[in-house]
There are 2 protein chains.
Amino acid sequence: MKKPPTIRDVAAAAGVSVSVVSRVLNPDSGPVAPAKRQGVLRVMEELGYRPRAAARELSVGKALTIGLVVTDLSNPFFAHLADRIVWEARSHGVQVVLMTTQEDPHLEAESLDTLMDRSVSGVIATPTGGNIEKWARLQDLGVNVVFVDRTIEELGSVDVVSIENFDSAQRSTEYLIGLGHSRIALVTGPKSTSTGRARISGYTAAHESASLPVDPLLIRDVPFRGDAGGDAVGSLLTIPQPPTALIVANTAQVRSSVRRLVQMGVDIPDQLSLIVFDDNPWTELMSPPLSVIRQPLDMLAVHSLELVLGRMRGKLPEGPRLIEVKADFLPRNSCAPVTSALAH
Amino acid sequence: MKKPPTIRDVAAAAGVSVSVVSRVLNPDSGPVAPAKRQGVLRVMEELGYRPRAAARELSVGKALTIGLVVTDLSNPFFAHLADRIVWEARSHGVQVVLMTTQEDPHLEAESLDTLMDRSVSGVIATPTGGNIEKWARLQDLGVNVVFVDRTIEELGSVDVVSIENFDSAQRSTEYLIGLGHSRIALVTGPKSTSTGRARISGYTAAHESASLPVDPLLIRDVPFRGDAGGDAVGSLLTIPQPPTALIVANTAQVRSSVRRLVQMGVDIPDQLSLIVFDDNPWTELMSPPLSVIRQPLDMLAVHSLELVLGRMRGKLPEGPRLIEVKADFLPRNSCAPVTSALAH
DNA sequence: GTCCCGAGTGGAACCGGTTCCACTTTTGTA
DNA sequence: TACAAAAGTGGAACCGGTTCCACTCGGGAC
C-alpha cells in the first residue's frame, strides 16, 4: 500500500520547481522551455505520476465533474440517457456523479446539496418540479444547470433540452383520428410536470383541429411511479363509453399500462389501438409490435452535454437556451381503423 | 455568485477555533463541550455551511466516493444494478461515480486510472477480464474492489458477488431435459468470462447426470455486444439436427436472440422451447411469456455495497469473500414437452 | 551601450478541510 | 486535599495541487 508520487516528487526528480511541473500539467497557464517540458514529461512517465483530482479541485474551486440527476435507472429511458451522457462526458474528460430522485423532491434536494459539496461544475437533470429555490441557488453558485426531458417554467434562466412534446402528442393523436377513432384516451404524467402539460395540449389541439370534442374523462394525468398507469388503464376500460384507442404518453407508465392490458386480455389492435411513448427495444418484439413515439436519446444526451460543457468552457452566448428535438413516430401494428362494432 | 462560508467563517462566528468546528463535523475525532457543540451547530445552520468535499478528501487522502464500473447502462441488467447500488450507496452517504467500459479493456483501464485520481475508496465492477495488473495495483493503493456478476480467477484477493451460475444453468438445462428435450442449445458469453465458463459447466453437468451426450455444435459462447447472440441463434437453427430447445444464458444476448427468433417466425414453444437469463419486465408481456432465470439484482447490489462499505469501515475479516446468491427459475409458457414431430 | 520587454523560472501563499500536539481545566479517586 | 487522568481547547502543520509575483536572463530597438 505505497503512496503515489506528488507533484513535488516529480519536480525534485526533474530538477525543476513545482511551478514548472504545474505549467506542464496545464499548458495554457504559462511558458515552459521545450527541453524542460520534455524532461518533466519523461519523469512523470517514469514515476507513473497522476495528479490528484481533489487537490486540483480544492485550489481551483471547481471540479471537472458533472452531476446527473435522474428519477431512476430502472426506467429504460433514463438508463439509456445516462448511458449516453456518461459515455459522451468521458470523451471530454469529465466524470459523472449519478444521483437518483425516485421522483421525490426531498431526495432531489439532498442530491443537490451533495452536488454542491462536490463543487461540480455542471448538472444535468430531469427535475421533479420542486426545489425551485435550490435550483436557483445552484446557479447562483456558478453551477451550470441543464434540464433534460422536462423543465420548470418558474426557472427562466436554465438551459433546457427536450423533445417536441406538444408536437409528438399532437401527431399521434392525429394519426388515431385519421384511423377513425373519436374516443381516444391519454395516459400521461401529472399536470405539475411540463411534459404532462405539453402532451395534453398536443392531444387537445389535435382534437380541436379535427373539430372533435375532448372528453376530460379520457385524459388521465397520473403519477409516473408505481402502478398509476395500469390503474388508469383499468379504469378507462370500464367507463360508459370506453375508448377505442389509447396513447400512453410517458415511458415510465408504459410497462404497467401494457401489463394491465395483457392481464385483462384486451385484444390489440382490434379492441383497442395503442401508441406508447417509448423506444424500448421490446415494444418491437411484442405481438403485435407496438406503434411508438421514439425519443431521440442520443440527441438529448449530446445536446445537454454540449450545453453544460459549453457553459463550463465559458464560451456560449449569455441567456438560456431551449433546444427541442424531434421525436419520430414509428407506426407498427398496434393501431387499426375503428370498426363498426366499436363505433358508437 | 457569492462564495459559500468555510470552516473558518463558522469558527469565527461561533467564537471557537477551527479545531472545535472540525470535531463537531466528525464526532469521533475528539471531545467537544455540549454547549459549544450546540453553538457551532446553530452557526452552521445560520450560515448555511456545508463542508467542501474536496478539502476533506485532500487531507484525508480518500474520498467518500465509490466507483461503479459496468459495461453499459443500455443493458437493463446493469441499469437495474446501478440503480440499486446508487440508491443503496446514497443511504450510506456515499456518492457513486459511474463509468462504462463497453466491454473494452482499454476503456476499462482508463476508467480505473480516473478512479485512482479521484481517490475513490472503493470500486464495484463487472470486469472485462483484462487489466489484471491494474486491478491489482488499485488494491495495492488501498482501494476496496468488489467484482459483481463476473470475476477474474487470476485475482485471488478480490471480493466477488455473483449468482450461482453453475447451478442456474444446470437447473434450466435439467428442466428442459425433463420435458424430453435432448438437443438443447446454449447461447452464452465468451469462455474468457467466468460466467460464460460456469454456465457451460452447469449445462454440461446436467447432460452428464442424465447420461445425455453434449454436442459442441449446440454450445455457442459468443461476445456480449452487437448481434452475436442473434447470429448464433440464426446459425443454430440451420444446422443438420437443429435444437428443440434454447437457453440464452446472458442478459446482454437476450434481445438480439429473441428478435432473431421473432424475425424468423419461429413458433415458441411448439417449435422451440426457450429459457432466457433475464429479469426484464418485458419477458412477461410477450406471447408467450418467457420462462426466465431471474437474477436477484437487489441482493447483488446490497451485498456488493455491503462488502465495499464494510471494507471501508475497516471491520470485515481479512481474506477475500465470495458471495453467491441463488437465482430463481420462473417457468412461464415458453417451454413445452418435445413433440414427436420434432424428435429425431 | 543602454533600455525595455518578454520568455522562463522558482518561492511562497492559498484553497478548506483534518489532525497532531501542547496546554488548560475539570473530574475522579485515593 | 492532593494529584493523576480525562475532557476540552486552540495553534499550526499538512494534504497536493494552482497561481501570483518577483526575479533573471536574453535579444531587439534605439
Side-chain angles (χ1 to χ4, degrees), chain A residues 2-41 43-44 47-65 114 116-121 141-142, chain B residues 2-41 43-44 47-65 114 116-121 141-142:
Chain A
K2 56 172 186 292
K3 52 199 69 55
T6 75
I7 196 174
R8 293 177 222 271
D9 297 332
V10 174
V16 298
S17 71
V18 290
S19 315
V20 172
V21 181
S22 177
R23 282 193 289 267
V24 171
L25 246 28
N26 314 40
D28 310 313
S29 66
V32 179
K36 296 212 171 186
R37 150 167 286 111
Q38 291 311 319
V40 170
L41 287 173
V43 171
M44 285 182 177
L47 267 48
Y49 169 76
R50 315 210 86 226
R52 235 66 81 248
R56 178 183 301 227
E57 284 174 26
L58 181 56
S59 58
V60 173
K62 286 231 139 300
L64 258 188
T65 303
T114 302
M116 292 181 32
D117 301 347
R118 301 216 66 92
S119 320
V120 296
S121 35
L141 258 49
Chain B
K2 55 171 188 290
K3 52 198 71 54
T6 74
I7 196 174
R8 294 178 223 270
D9 297 332
V10 174
V16 298
S17 71
V18 292
S19 316
V20 173
V21 180
S22 177
R23 282 192 289 266
V24 170
L25 247 26
N26 315 40
D28 311 314
S29 67
V32 179
K36 295 213 173 186
R37 151 167 285 113
Q38 290 312 319
V40 170
L41 288 173
V43 171
M44 285 180 174
L47 267 50
Y49 169 77
R50 313 212 86 226
R52 234 68 80 249
R56 177 183 301 226
E57 283 173 27
L58 181 57
S59 57
V60 174
K62 286 231 141 301
L64 257 187
T65 302
T114 302
M116 291 180 32
D117 300 348
R118 298 216 68 91
S119 319
V120 296
S121 34
L141 258 50

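Computed from a prediction, not measured in an experiment: that's the story for all the values here. Below, chain A is the first sequence line, B the second, and so on; all start at residue 1.
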Identify the two heavy atoms, one from V10(B) and one from Y49(B), that lie closest to each other, and give their separation to 0.1 Å. CG2-CG, 3.6 Å
For I7(B) and dG16(C), what is the distance between atoms CD1 and C1' respectively, to the nearest whole Å? 8 Å
What's the CZ-C1' distance between R23(B) and dG16(C), to the nearest Å? 17 Å
Report yes if a side-chain nitrogen or oxygen of K36(A) is closer than 4.0 Å to either non-bridging phosphate oxygen (OP1 or OP2) of dG8(C); otherwise report no. no
Taking atom types as they are modelled, is there a donor-acceptor pair under 3.5 Å from the base of dG17(C) to the side chain of R8(B)? yes
Say whether R118(B) and T65(A), considering side chains only, have a donor N or O and an acceptor N or O under 3.5 Å apart. yes
Atom CD of E57(B) and atom C1' of dG17(C): how far apart are they, to the nearest Å? 11 Å
Given dT18(D), dT19(C), dG17(C), which nucleotide is nearest the side-chain atoms of S22(B)? dT19(C)
Ignoring hydrogens and angles, are the base of dG11(C) and the side chain of S19(A) linked by a donor-acceptor pair under 3.5 Å? yes
Specify the separation, in whole Å, of atom CG of L25(B) and atom P of dT19(C). 11 Å
Of all the nucleotides listed (dG17(C), dT9(C), dG10(C)), which has the minimum atom distance to the side chain of R52(B)? dG17(C)
dG16(D), dT9(C), dT19(C): which one has an atom nearest the side-chain heavy atoms of A33(A)? dT9(C)
Between P on dG16(C) and CZ on R118(A), what's the gap in Å once rounded to a whole number? 16 Å
Describe the nucleic acid contact of V21(A) in one word from base, sugar-phosphate, nothing, applying a heavy-atom distance below 4.0 Å. nothing
Nearest of dT9(D), dG17(C), dG8(D) to any side-chain atom of V20(B)? dT9(D)
Value in whole Å for how far the C1' atom of dG16(D) lies from CG of N26(A): 13 Å
So does S17(A) get a side-chain nitrogen or oxygen closer than 4.0 Å to the phosphate oxygens (OP1/OP2) of dG10(C)? yes
Quick check: do R50(A) and P4(A) have side-chain heavy atoms less than 4.5 Å from each other? no
Report the nucleotide, chosen from dG17(C), dG17(D), dA7(C), that has the shortest atom-to-atom distance to any side-chain atom of T6(B). dG17(C)
Name the closest nucleotide to the V18(A) side chain, picking from dG10(D), dT18(D), dG10(C). dT18(D)
Nearest-0.5 Å distance, CG of residue L64(B) to CG of residue D117(A): 11.0 Å
Could you give the CG-to-P distance, from L64(B) to dG17(C), as a whole number of Å? 15 Å
Does R56(B) make a side-chain donor-acceptor contact with the base of dG16(C), cut-off 3.5 Å? no
Provide, to the nearest angstrom, the distance between the CG atom belonging to L58(B) and the P atom belonging to dT19(C). 12 Å
R52(A) and P5(A) have their tightest heavy-atom pair at NH2-O, 3.0 Å
Let me check something: any side-chain donor-acceptor pairs from residues 14-39 of chain A under 3.5 Å, sequence neighbours excluded? List them with distances.
| unit_1 | atom_1 | unit_2 | atom_2 | d |
| --- | --- | --- | --- | --- |
| S17(A) | OG | S19(A) | N | 3.4 |
| R23(A) | NE | P31(A) | O | 3.3 |
| S29(A) | OG | N26(A) | O | 2.7 |

Using a heavy-atom cut-off of under 4.0 Å over every strand shown, decide if P31(B) touches base, sugar-phosphate, or nothing. base
Would you indicate which nucleotide in dG16(D), dT9(C), dT18(D) comes nearest to any side-chain atom of A55(A)? dG16(D)
